[in-house]
Amino acid sequence: MIVNAVVYLGEYKQRMDIYQGRTIGSQNRLQSRCDTLYHLALRGPGHLYKKPSSLSFCADGGEKLLLDEVRGNTDGRIRRWWNGDASYEFTEIWGLTYPPNVDILFISEQVPSEKSIMPNYIKIDWGFVTAVLLSFMGILFTFDSISGEQERGTLRLMLSHSISRSAVICGKFLGAFFTITMPFLIGAIVSISIIYLSETVPFNRNHWVRLGLIICVALIYISIFIFLGILVSSRVRESSTSLAIL
């Protein structure tokens, strides 16, 4: 997660430089059309660019598949209509148009030509860490939590004391949960601190709320896999069977 933060700062700065350069050029073209309201209404605002997301280090959310720009102009389209023997010619008022050869509902340019849908490389973001690494760790920490105790004979010894089964399950869950989530939370805090202290990425209140929601969803996601591991481990007799099922 620290490497992700450092790499993201370079990517975000590069994307923002490109975005600001395009935006300045578009604003200059828009200012040149503001001499009269007629020219502004006729020619439109020009190119409109999408600002890079500030939270793409958590998950890009398919941002690379979205259009970077739309065009608010007429592209010089001239319309003609006839009324009897008289013909009239006029230039269209501006409207939003999209880059050519791009389907809005299905962006074919972004789809690889091969049948494989696997990416060329794996982006190490929060989504990958949570969905792959932490969920796998949840399985490794719990696949033998009950069945392993039963195989070693320590489960019967444990239950011979005045301890309930629910207390055993809760202890197994809390032990695995804190063991997995503490490194994740430390990594998240360090990653956010690196990005925030760099002053490269602007954070507002909305961003902090979304970051909190992302962390809460990640903790719930990890809990689900820990529960699954304990459930399967408590329903089988052998740890190897539990691991194979999970």
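Along the sequence shown, residues carry numbers from 1. Computed over heavy atoms, backbone and side chain alike; hydrogens, waters and symmetry mates excluded.
- Contact check for Asn4 versus Trp126: side-chain heavy atoms found under the 4.5 Å cut-off.
- Around atom CZ of Arg165, no more than 12 heavy atoms belonging to other residues, nucleotides or ligands sit under 6.0 Å away.
- In this structure, the side chain of Ser26 engages the main chain of His47 through a donor-acceptor pair within 3.5 Å.
- The aromatic rings of Phe203 and Tyr196 sit parallel to each other, their planes meeting at less than 30°, with 60° as the upper class boundary.
- Under the 4.5 Å side-chain heavy-atom criterion for ILVMFWY residues, a single connected hydrophobic cluster contains both Ile2 and Ile195.
- Side-chain N or O atoms of Ser233 include one that pairs as donor or acceptor with a backbone N or O of Ile146 at under 3.5 Å.
- For the atom pair Ile192 CD1 and Leu211 CG, the distance stands at 4.5 Å (nearest 0.5 Å).
- The shortest non-hydrogen separation linking Asp125 to Ala59 is OD2-CA, 3.5 Å.
- Closest non-hydrogen pair, Ile215 versus Ala188, comes out as CD1-CB, 4.4 Å.
- Both Val190 and Leu185 belong to a single network of hydrophobic side chains, linked directly or stepwise wherever heavy atoms of I, L, V, M, F, W or Y lie under 4.5 Å apart.
- Ser147 OG to Ile230 CD1: the interatomic distance, rounded to the nearest 0.5 Å, is 11.5 Å.
- Closest approach of Ile226 to Gly138, counting heavy atoms only: CG1-CA, 4.2 Å.
- Side-chain contact between Asp68 and Arg22: present, with at least one pair of heavy atoms (C-beta onward) separated by less than 4.5 Å.
- Atom CZ of Phe136 is surrounded by 12 or fewer heavy atoms from other residues, nucleotides or ligands within 6.0 Å.
- The two residues Met1 and Val129 make their nearest non-hydrogen contact at CG-CG2, 4.2 Å.
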Below 3.5 Å, can you tabulate the donor-acceptor pairs from side chains in residues 168-178 to any protein atom, sequence neighbours excluded?
from: Lys172; atom 1: NZ; to: Ser145; atom 2: O; distance (Å): 3.3
from: Lys172; atom 1: NZ; to: Glu149; atom 2: OE2; distance (Å): 2.7

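- For Ser234 (side chain) and Leu231 (main-chain N/O), a donor-acceptor pair under 3.5 Å exists by modelled atom type.
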When you look at Glu11 and Ser56, which way does the side chain to side chain contact (heavy atoms under 4.5 Å, CB included) test go after all the steps?
CA-CA 10 Å; Glu11 293 179 352; Ser56 59; over 6 Å; no
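- Between the side chain of Thr23 and the backbone N or O of Tyr19 there is at least one donor-acceptor pair closer than 3.5 Å.
- Counting non-hydrogen atoms of neighbouring residues, nucleotides and ligands closer than 6.0 angstrom, the CZ atom of Arg29 exceeds 12 such neighbours.
- Cluster membership check: Ile24 does not share its hydrophobic cluster with Met16, using side-chain heavy-atom separations under 4.5 Å among Ile, Leu, Val, Met, Phe, Trp and Tyr.
- Following chains of ILVMFWY side-chain contacts shorter than 4.5 Å, one cannot reach Phe57 starting from Leu213, and the two form parts of different hydrophobic clusters.
- Distance CZ/Arg210 to OG/Ser54: 8.5 Å, rounded to 0.5 Å.
- The two residues Phe143 and Ser239 come nearest to each other via the heavy atoms CD1-O, 3.5 Å.
- Taken to the nearest 0.5 Å, the CD1 atom of Ile139 stands 11.5 Å off from the CD1 atom of Ile245.
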Would Thr241 and Arg237 satisfy side chain to side chain contact (heavy atoms under 4.5 Å, CB included), going step by step from the backbone distance to the final call?
CA-CA 8 Å; Thr241 305; Arg237 293 183 177 272; over 6 Å; no
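- Within 6.0 Å of atom NZ in Lys13, 12 or fewer heavy atoms from other residues, nucleotides or ligands are found, so the atom counts as exposed in its surroundings.
- Listed for the Ser242 side chain is no donor-acceptor partner under 3.5 Å among the backbone atoms of Asp144.
- Contact check for Phe225 versus Leu134: no side-chain heavy atoms found under the 4.5 Å cut-off.
- Val3 and Ile186 fall into different hydrophobic clusters, defined by Ile, Leu, Val, Met, Phe, Trp and Tyr side-chain heavy atoms under 4.5 Å apart, directly or through other members.
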Between Phe184 and Thr130, does the side chain to side chain contact (heavy atoms under 4.5 Å, CB included) criterion hold? Intermediate values first, please.
CA-CA 9 Å; Phe184 169 71; Thr130 303; 3.9 Å; yes
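- Separation of atoms CG (Leu246) and OG (Ser135) is listed at 11.5 Å; rounding is to 0.5 Å.
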